[in-house]
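Starting from 1, each residue takes its place in the sequence as its number. As the structure lists them, so they are numbered: ligands from 1, and atoms in each ligand from 1.
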Amino acid sequence: MVVQKFGGTSVADPDAVRRLIEIVRAARARDGRGPVVVVSALSGVTDALLTVAAEADAARVDEALAHVARLRDRHLAMARALAGGEPLAALTAHIDAQFDELTAVVRALAVLREVSPRTLDVIAAVGELLSSRIVAAALAHAGIPGEWVDARRAIITSDDYTRAAPLGRETTAALRATVLPLVDAGRVPVLGGFVGATADGHTTTLGRGGSDYSGAIVGAGVGAAEIHIWTDVDGMLTADPRIIPAPRLVPRLSFAEAAELAYFGAKVLHPSTIHPAVERNIPVRILNARKPDGAGTLVTAEPDPDGTGLAAMAAKRDLTVVDITSSRMLMAYGFLRRVFEVFERYRTAVDVVTTSEVSVSVTVDDRRHLDAIVEALSEFAEVSVEGEMALLCAVGDRLRTEPAIAARVVSVLEEVPLRMISQAASRRNITVILRQADLPQAMHRLHEEFFG
Ligand code: ASP
Ligand code: MG
């Protein structure tokens, strides 16, 4: 049995949901049971709900209520396009009740002028609670026994509203009690992603983009054979398509490689979201809902046995390099501590660090406190700053075992001035820092060498 998670674009309109229905039908025919379906809110709805909350907070009641009315119409239109008869009447009653409640919340908030994180979650959760009800009804209407499961009874979290953490044991028990009996009874459970509740029943959300996380939590909790993330891209690509016009699809990646790529700017899958799947060693497949026959990218604990060279590349722009040269102490002990204390004091994360006997270079992408940081560092070091830099990161598990690959990376970039080079302890990536203007050329060369 598989867990199939559908992102906002895969439930954006009736046609998208019709594609979803056929994808679910095919999985059912293939596996003989399931799948378990996890859905995002209809595309754009979470943003719209957060706007409603902000407007209520600012006492702009009319704007907020106009937004709520538009959202109600959109959900009702979806319901009418995808369901019928008695179930449609029940569905529209749910949608109306949900929006009546939201209307009452907006009016109350506009009076109180105070939107707490807890209230924000009640508002934000509406998107997934409704999209999942609509999809469950649409499946049933299409002859597939979809059954709505309230995610607030299946995913039990901490009370860190707006970024709640799932509680492992409680959630596994809740998923086994709510989802598995339905699967055993031949049904297709449908849950909203992103949403959960505390043990005492307060609605929570897992943070923006949290539906992938929900997909992995559900997959781990029910012991799925695979987790399928249905989205609007073909899978992970070998390079950024804004720079390389025809990148290739990466057929298979290890979890570790996927995590490094995501960290360095590949947007498809965020590493923390698949953590529950990693722990349980459940393969994750990234697939395009518009091209359901595509192979997608398979992410597994083990690296691709057929892989050669690199898995993929990622880039990050708009970085600033800060060079810090010890004025007196050279590399005296305590120097690095003082350097990093300054970054810590200004809550500025550094991405890449290289050191030599007398100096440290770091990259930062948050420039907000740069002036203050430079001033503080200047008390004990010479500091220079260079902007408009970029990071290019070549990722592959094989870098760990085959030194020749790293040598190839560096020699291909021979003619590109490299500002910093680093291979960190994981040895799964080689990262170079270069001038932003040189990034396209460097990426082309690397791509040609390893994927051309
Ligand atoms: N709807 C939520 C968001 O937009 C969660 C998700 O789609 O992953 O952040
Ligand atoms: Mg998403």
Inset, instruction - Assign the ring pair Y161 / H202 to parallel, tilted or perpendicular, where the plane angle (0 to 90°) is split at 30° and 60°. - result: perpendicular
Inset, instruction - Please confirm whether G209 comes within less than 3.5 Å of ligand 1 when only nitrogen or oxygen atoms on both sides are compared. - result: yes
Legend entry - Under the ring-ring contact (aromatic ring centres under 6.0 Å, His included) test, residues paired with H75 that sit two or more places apart: F99
Legend entry - Atoms of ligand 1 close to T46 [distance to a heavy atom under 4.0 angstrom, numbered from 1]: 1 (N), 2 (C), 3 (C), 4 (O)
Inset, instruction - Enumerate the atoms of ligand 1 whose separation from the nearest heavy atom of S211 is less than 4.0 angstrom. - result: 5 (C), 6 (C), 7 (O), 8 (O)
Legend entry - ligand 1 to K5 polar contact by distance, N or O atoms, under 3.5 Å: no
Inset, instruction - Mind checking the CG-CG spacing from L120 to L49? Nearest 0.5 Å is all I need. - result: 10.0 Å
Legend entry - Atoms in ligand 1 flagged as close to R208, the criterion being non-hydrogen separation under 4.0 Å: 3 (C), 4 (O), 9 (O)
Legend entry - D240 with K316: basic N within carboxylate O range, under 4.0 Å: no
Inset, instruction - Give a yes or no on whether a salt bridge exists between D365 and R317, defined as a side-chain N under 4.0 angstrom from a carboxylate O. - result: no
Legend entry - For S40, atoms of ligand 1 separated by under 4.0 Å from a heavy atom: 6 (C), 7 (O), 8 (O)
Inset, instruction - Could you establish whether G8 and ligand 1 come within less than 4.0 Å of each other, counting only heavy atoms on the residue side? - result: no
Legend entry - Side chain to side chain, S10 and L20, heavy atoms closer than 4.5 Å: no
